S.K.: 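Take a look at the following structure, please.
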Amino acid sequence: MTLGATRGRNRVRIIAGKWRSRIVRFPAAAQLRPTPDRVRETLFNWLGQRLDGLACVDLFAGSGALGFEALSRGARRVVMVEHDRTVAAALSESARELEAPEAEVVNAEALAWLARGDERFDLAFVDPPYATPLAQAAMAALPPRLNPGARVYAEAAQPLDLPAPWRTLREDRAGAVRYGLYQLDAP
């Protein structure tokens, strides 16, 4: 493979906000596939361009594209949960390079981390490895960790079956990936 063929891999561009056009690099890792620019643009159009003051959690953080984009758009805090030690170290390095003390990187399995904490969030990103049942499991585990009216962005290979108190706000698909924005309503 030539250098030209590898250019653009293992990096994502922040779309908007204070770090607009900055590049975040990440290591090659099995099943790590960043949310494409077009899908991120759609998501942040759905959320509104500014996320001022929101506490966010980026489960299965991977490249950190969603969490860093949220911070760039004004989120006050983002916890990035990543199971792979090498990928978590790269997230910490990216946070350092961006001078983002609002980013906390946690090297842990996402569902176990959800079960043992008590911090609550206004917005969650659920983008697990493709074609696993982890999105559905994370959505089931999230309610105790969310503030009333919290929204959750999720990607999955199959449509999510979400009972009340979840409400679907928007859904779409890009190729084989389905993605949506959901809200946790008061029970």
Side-chain angles (χ1 to χ4, degrees), residues 1-45 47 51 54-114 121 123-135 137-138 142 152-157 173-181:
M1 194 180 292
T2 67
L3 178 61
T6 62
R7 188 170 292 137
R9 292 195 178 172
N10 296 353
R11 63 188 208 162
V12 292
R13 178 183 58 88
I14 296 174
I15 297 169
K18 70 180 177 182
W19 298 320
R20 182 174 190 237
S21 297
R22 294 278 303 265
I23 300 296
V24 174
R25 288 174 175 70
F26 56 91
Q31 300 185 7
L32 198 157
R33 50 167 188 77
T35 301
D37 284 4
R38 184 181 70 78
V39 174
R40 279 187 289 130
E41 286 180 37
T42 299
L43 166 62
F44 287 95
N45 284 336
L47 290 170
L51 302 179
L54 296 183
C56 306
V57 61
D58 186 356
L59 300 172
F60 316 100
S63 69
L66 297 173
F68 288 124
E69 191 75 45
L71 285 171
S72 185
R73 294 169 185 253
R76 76 172 161 79
R77 173 169 166 71
V78 174
V79 177
M80 298 180 184
V81 182
E82 174 53 49
H83 186 255
D84 184 290
R85 181 165 290 154
T86 302
V87 175
L91 288 169
S92 293
E93 179 62 19
S94 293
R96 189 192 63 70
E97 288 175 2
L98 291 169
E99 298 177 8
E102 312 88 352
E104 177 186 346
V105 177
V106 177
N107 182 213
E109 193 279 321
L111 298 178
W113 180 85
L114 280 172
F121 300 94
L123 177 61
F125 301 108
V126 177
D127 182 11
Y130 186 70
T132 67
L134 290 171
L142 265 168
V152 177
Y153 167 77
E155 289 185 20
R173 69 183 303 158
V177 177
R178 297 173 181 272
Y179 59 96
L181 185 63

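Just so you know, these numbers use all the heavy atoms, side chains as well, and skip hydrogens, waters and symmetry mates. All values derive from a computational prediction rather than experimental measurement.
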S.K.: What pair of heavy atoms forms the shortest contact from A135 to P128, and how long is it?
M.R.: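 Smallest heavy-atom distance, with atoms named: N-CG, 3.5 Å.
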S.K.: Flag the pair L98 / I14 as yes when at least one side-chain heavy-atom distance between them is below 4.5 Å, and no otherwise.
M.R.: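 Yes, side chains in contact.
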S.K.: Pick one: which of F44, W19, F68 meets side-chain contact (heavy atoms from CB on, under 4.5 Å) with R73?
M.R.: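 The residue from F44, W19, F68 that satisfies side-chain contact (heavy atoms from CB on, under 4.5 Å) with R73 turns out to be F44.
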S.K.: With sequence neighbours excluded, what pairs up with Y179 under the ring-ring contact (aromatic ring centres under 6.0 Å, His included) test?
M.R.: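 Listed in chain order: W46.
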S.K.: If you take all heavy atoms of L114 and A138, which pair is closest and at what distance?
M.R.: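 That would be CD1-O, 4.2 Å.
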S.K.: Can you tell me if E69 uses its side chain to pair, donor with acceptor, with the backbone of A16 under 3.5 Å?
M.R.: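 Yes; at least one donor-acceptor contact below 3.5 Å.
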S.K.: Check whether any side-chain N or O of S63 sits under 3.5 Å from a backbone N or O of F26 as a donor-acceptor pair, and report yes or no.
M.R.: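 Side chain of S63 to backbone of F26, a donor-acceptor pair under 3.5 Å: no, none is there.
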S.K.: Do F60 and L66 make a side-chain contact, defined as non-hydrogen atoms from C-beta onward lying under 4.5 Å apart?
M.R.: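 Answer no - side chains too far apart.
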S.K.: Kindly give the heavy-atom pair with the smallest separation between R20 and I15, and that separation in Å.
M.R.: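 Looking at all heavy atoms of both residues, the closest pair is CG-O, 3.2 Å.
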S.K.: Who are the side-chain hydrogen bond (donor to acceptor under 3.5 Å, both in side chains) partners of E104, not counting sequence neighbours?
M.R.: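 Partners of E104 under the side-chain hydrogen bond (donor to acceptor under 3.5 Å, both in side chains) test: R77.
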S.K.: Can any side-chain N or O of D58 pair as donor or acceptor with the backbone N or O of V79 at less than 3.5 Å?
M.R.: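 It does not hold such a pair.
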S.K.: Over all heavy atoms of both residues, which pair between D84 and E82 is shortest? Give the atoms and the distance, please.
M.R.: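 Answer, listing the atom of D84 first, then E82: N-OE2, 3.0 Å.
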S.K.: Going from CD on E102 to CG on L71, what distance comes out if it is rounded to the nearest 0.5 angstrom?
M.R.: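 Reported to 0.5 Å precision, the distance equals 5.5 Å.
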S.K.: Which value, rounded to the nearest 0.5 Å, describes the distance between E99 atom CD and K18 atom NZ?
M.R.: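 E99 CD to K18 NZ: 9.5 Å, rounded to 0.5 Å.
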S.K.: Is there a side-chain contact between E109 and L111 in this structure, where contact means two heavy atoms from C-beta onward sitting under 4.5 Å apart?
M.R.: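 Result yes, sub-4.5 Å side-chain heavy-atom pair found.
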S.K.: For residues 89-97, tabulate all N or O donor-acceptor pairs below 3.5 Å that involve a side-chain atom, not counting sequence neighbours.
M.R.:
residue	atom	partner	partner atom	Å
S92	OG	A88	O	3.4
E93	OE1	R96	NE	3.2
E93	OE2	R96	NE	3.4
E93	OE2	R96	NH2	2.4
S94	OG	A90	O	3.2

S.K.: So W113 and V57, do their side chains get closer than 4.5 Å, heavy atoms only?
M.R.: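 Yes - at least one pair of side-chain heavy atoms lies under 4.5 Å apart.
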S.K.: When you compare the side chain of L142 with that of L59, does any pair of heavy atoms fall below 4.5 Å?
M.R.: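 Yes. Closest side-chain heavy atoms under 4.5 Å.
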